[in-house]
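Report on the structure given below.
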Amino acid sequence: LQHLESKIENRGSKDFPTVKFLNYKNRKRILVTGGAGFVGSHLVDRLMLGGHEVIVVDNFFTGRKRNVEHWVGHENFELVHHDIVRPLYLEVDEIYHLASPASPPHYMLNPVKTIKTNTLGTINILGLAKRVGARVLIASTSEVYGDPNEHPQSETYWGHVNPIGPRACYDEGKRVAETLSYAYMRQEGISVRVARIFNTFGPRMHMNDGRVVSNFILQALQNDSITIYGSGKQTRSFQYVSDLVDGLVALMASNYTQPINIGNPVEHTIEEFAVIIKDLVGTKSKVVELAAVEDDPQRRRPDISRAKKYLNWEPKVPLAEGLKQTIMYFARELQRTKHSQKS
Ligand code: NAD
Ligand code: UDP
Ligand code: UDP
């Protein structure tokens, strides 16, 4: 064991961020589906730094090898190129199931594939969890509440979703993923955790993912018009990615099996949000109003009493602080793409 410990420490100081050394009993083999994506890659960092063995399964639809490349070659890390719509056979203790496109333009690009990923893909992950006796955490979403009639949204609200609209592939896909999880729990006794994740932002968001945070920051940094869809009176509540990762890890470790909202309850209209970003970037951008998008939820804010009570979790990072980190990230990305276009 001492030999192993010094090996990891040496590697940590030479090539990799320093990882904790865990003895065999505490170290877990953890599968992260969608681990090369935005949220997944931050979770992978947390689990790797904690000394666990991590297997990432990703088809790179929206994820990138670059998000996890700093771990490639580390003996605790494995990156598997695989589409979860096909069965997969691995031996693991825990599964964080994040594989699914998440931004509206991405999931609408191929709605059938989005449904297959969230239904057939989730069946495969639950089948795997059943075979190996692993605990599985499903990344669900505030979109299960649709365009909500209850505000703020608590986990007991059943939602208001258009089953045949353009967002349905994602919303209904995630609702079925939840249904499947509880069916497997009841019928097969598998250990399930369900996180209903609210809008999340941070470094490693995809440049072209079309979500409001990435759009507004990139527009502001380039002095382009900031595009508000519709009146801008619709609201969202944004959480920073490190808070989400804290919540996911706490949920996996807890005994609580019902769905739990993980989000930041500080709510802003999209119009206010445009001004906040404009001011932080210090841009000359104009704010313009474009056509509203179909079925756009008008209000969204999590009730996080459950997470506070059962996970002792609440978000810590203030919006402005998270946005500064994210603005710096996008500024660097713009530099990088300019350089690579020149060379
Ligand atoms: P992302 O698009 O950056 O990451 C998703 C990852 O899943 C990508 O790496 C992608 O390549 C992979 N993937 C997609 N389909 C796959 C398939 N069939 N097989 C294997 N891999 C596949 O998105 P994200 O923002 O990191 O979201 C991660 C999870 O969290 C998703 O399940 C999403 O629904 C959920 N979520 C995210 C947010 C948010 O605001 N970011 C909000 C609610 C829920
Ligand atoms: N599955 C998988 N990996 C495993 C075990 C199962 O991908 O390690 C898939 C398998 O292809 C199956 C699905 O998960 O279609 C559901 O498994 P389950 O055992 O519930 O169903 P069954 O095999 O009985 O149809
Ligand atoms: N939005 C906007 N301008 C943009 C991108 C998005 O006004 O350039 C709006 C969008 O219509 C929605 C909100 O911002 O009301 C959040 O959109 P996003 O796609 O980020 O997430 P989701 O709709 O899934 O919450």
Side-chain angles (χ1 to χ4, degrees), residues 32-43 56-64 67-68 80-92 96-107 110 113-114 116-118 120-132 134 138-144 167 170-171 173-174 177 180 184 187-188 190 195-202 204-206 209-216 218-219 226-239 241 244 248 262-263 269-271 273-274 289-290 292-293 295-298 300:
V32 183
T33 75
F38 157 54
V39 174
S41 63
H42 287 280
L43 176 64
V56 165
V57 167
D58 205 295
N59 71 349
F60 302 110
F61 172 50
T62 51
R64 290 167 300 184
N67 287 342
V68 289
V80 181
H81 189 160
H82 177 84
D83 189 322
I84 57 148
V85 172
R86 312 236 166 268
L88 75 158
Y89 291 84
L90 296 163
E91 314 305 314
V92 291
Y96 289 88
H97 176 37
L98 273 61
S100 163
S103 94
H106 281 158
Y107 66 67
N110 189 340
K113 182 69 191 206
T114 301
K116 284 184 182 171
T117 298
N118 280 298
L120 299 174
T122 301
I123 290 177
N124 286 333
I125 296 306
L126 291 164
L128 168 62
K130 172 183 144 189
R131 183 178 61 79
V132 300
I138 305 284
S140 184
T141 168
S142 52
E143 299 270 346
V144 299
R167 300 174 83 99
Y170 183 70
D171 301 7
K174 290 285 184 182
L180 282 165
Y184 268 84
Q187 189 177 322
E188 309 290 353
I190 76 164
R196 291 192 180 146
I197 302 168
F198 282 65
N199 295 63
T200 306
F201 71 96
R204 299 193 196 144
M205 285 185 90
H206 208 286
D209 82 357
R211 282 187 266 198
V212 71
V213 179
S214 42
N215 275 7
F216 284 7
L218 286 168
Q219 290 160 345
I226 295 183
T227 54
I228 291 185
Y229 302 158
S231 68
K233 303 286 181 225
Q234 71 271 36
T235 70
R236 291 294 187 274
S237 309
F238 298 95
Q239 87 181 315
V241 65
L244 171 59
L248 295 178
I262 309 281
T269 65
I270 294 303
E271 202 172 46
F273 197 59
E289 226 178 78
L290 302 183
V293 295
D295 288 347
D296 201 1
Q298 289 307 295
R300 189 180 288 155

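Order of appearance sets the numbers: ligands from 1, and atoms from 1 within every ligand. Given the structure is predicted, the values throughout are model-derived calculations rather than measurements. Numbers for residues simply follow the sequence, beginning at 1.
Below 30°, between 30° and 60°, or above 60°: for Tyr170 and Tyr107 the angle between ring planes is below 30°, a parallel geometry.
Under a 4.0 Å criterion applied to the non-hydrogen atoms of Gly210, ligand 3 contributes the atoms 5 (C). For ligand 3, the atoms lying closer than 4.0 Å to a non-hydrogen atom of Ile228 are 7 (O). Short contacts between ligand 3 and Asp296, defined as distances under 4.0 Å to a heavy atom of the residue, involve ligand atoms 10 (C), 11 (O), 12 (C), 15 (O). For ligand 3 and Asn215, the ligand atoms under 4.0 Å from any heavy atom of the residue are 4 (C), 5 (C), 8 (O).
The backbone N or O of Asn118 sits nowhere less than 3.5 Å from a side-chain atom of Ser100 that would complete a donor-acceptor pair. In terms of modelled atom types and a separation under 3.5 Å, the side chain of Arg204 and the main chain of Ala36 share no donor-acceptor contact. Proximity of a side-chain donor or acceptor of Thr269 to a complementary backbone N or O of Gln234 within less than 3.5 Å is not detected. Under a 3.5 Å cut-off, the side chain of Ser237 and the backbone N or O of Arg300 do form a donor-acceptor pair. Remark: the backbone N or O of Phe198 is paired with a side-chain donor or acceptor of Thr200 at under 3.5 angstrom. Between the side chain of Glu289 and the main chain of Gly232, no donor-acceptor pair closer than 3.5 Å is present.
Look at Glu143 and Arg167 and you find a salt bridge, because one of the NZ, NE, NH1 or NH2 atoms lies within 4.0 Å of a carboxylate O, short of that distance. Taking 4.0 Å as the cut-off between side-chain N and carboxylate O, Lys116 and Asp83 do not count as a salt-bridged pair.
For Ser103, the closest heavy-atom approach to ligand 3 does not fall below 4.0 Å. Residue Phe273 places every heavy atom at 4.0 Å or more from ligand 3.
Here Gln234 has side-chain heavy atoms under 4.0 Å from ligand 3, and that is the only part of it that gets that close. Contacts between Thr227 and ligand 3 below 4.0 angstrom, taking non-hydrogen atoms only, involve backbone and side chain alike. The parts of Val212 lying near ligand 3 are both backbone and side chain, judged by heavy-atom distances below 4.0 Å. Proximity of Asn199 to ligand 3, defined as any heavy-atom pair under 4.0 Å, is confined to the side chain (atoms from C-beta onward). Of the heavy atoms in Met205, none comes closer than 4.0 Å to ligand 3.
Of all heavy-atom pairs between Ala274 and Ile228, the closest is CB-CD1, 4.2 Å. In this structure, Ile138 and Ala177 approach most closely via the heavy-atom pair CG2-CB, 4.4 Å. In terms of heavy-atom proximity, His106 sits nearest to Pro101 at CB-CB, 4.1 Å. In terms of heavy atoms, Leu248 sits closest to Tyr96 at O-CE2, 3.9 Å. Heavy-atom minimum distance, Ser214 versus His206: CB-O, 3.9 Å. Residues Lys174 and Thr141 share a closest heavy-atom pair of CG-CG2, 3.5 Å.
At under 3.5 Å, not a single nitrogen or oxygen of Gln219, backbone or side chain, sits near a nitrogen or oxygen of ligand 3.
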If you look at each N/O of ligand 2, which protein N/O atoms lie under 3.5 Å away, and at what distance?
| unit_1 | atom_1 | unit_2 | atom_2 | d |
| --- | --- | --- | --- | --- |
| ligand 2 | 3 (N) | Leu88 | O | 2.6 |
| ligand 2 | 7 (O) | Leu88 | N | 2.9 |
| ligand 2 | 7 (O) | Leu88 | O | 3.3 |
| ligand 2 | 8 (O) | Arg131 | NE | 2.6 |
| ligand 2 | 8 (O) | Arg131 | NH2 | 3.1 |
| ligand 2 | 19 (O) | Lys130 | NZ | 2.9 |
| ligand 2 | 20 (O) | Tyr184 | OH | 2.6 |

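Within 4.0 Å of ligand 1, contacts by protein heavy atoms are made from Gly34, Ala36, Gly37, Phe38, Val39, Asp58, Asn59, Phe60, Phe61, Thr62, Gly63, His82, Asp83, Ile84, Leu98, Ala99, Ser100, Pro101, Ala102, Thr117, Ala139, Ser140, Thr141, Tyr170, Lys174, Ile197, Phe198, Asn199, Thr200, Arg211.
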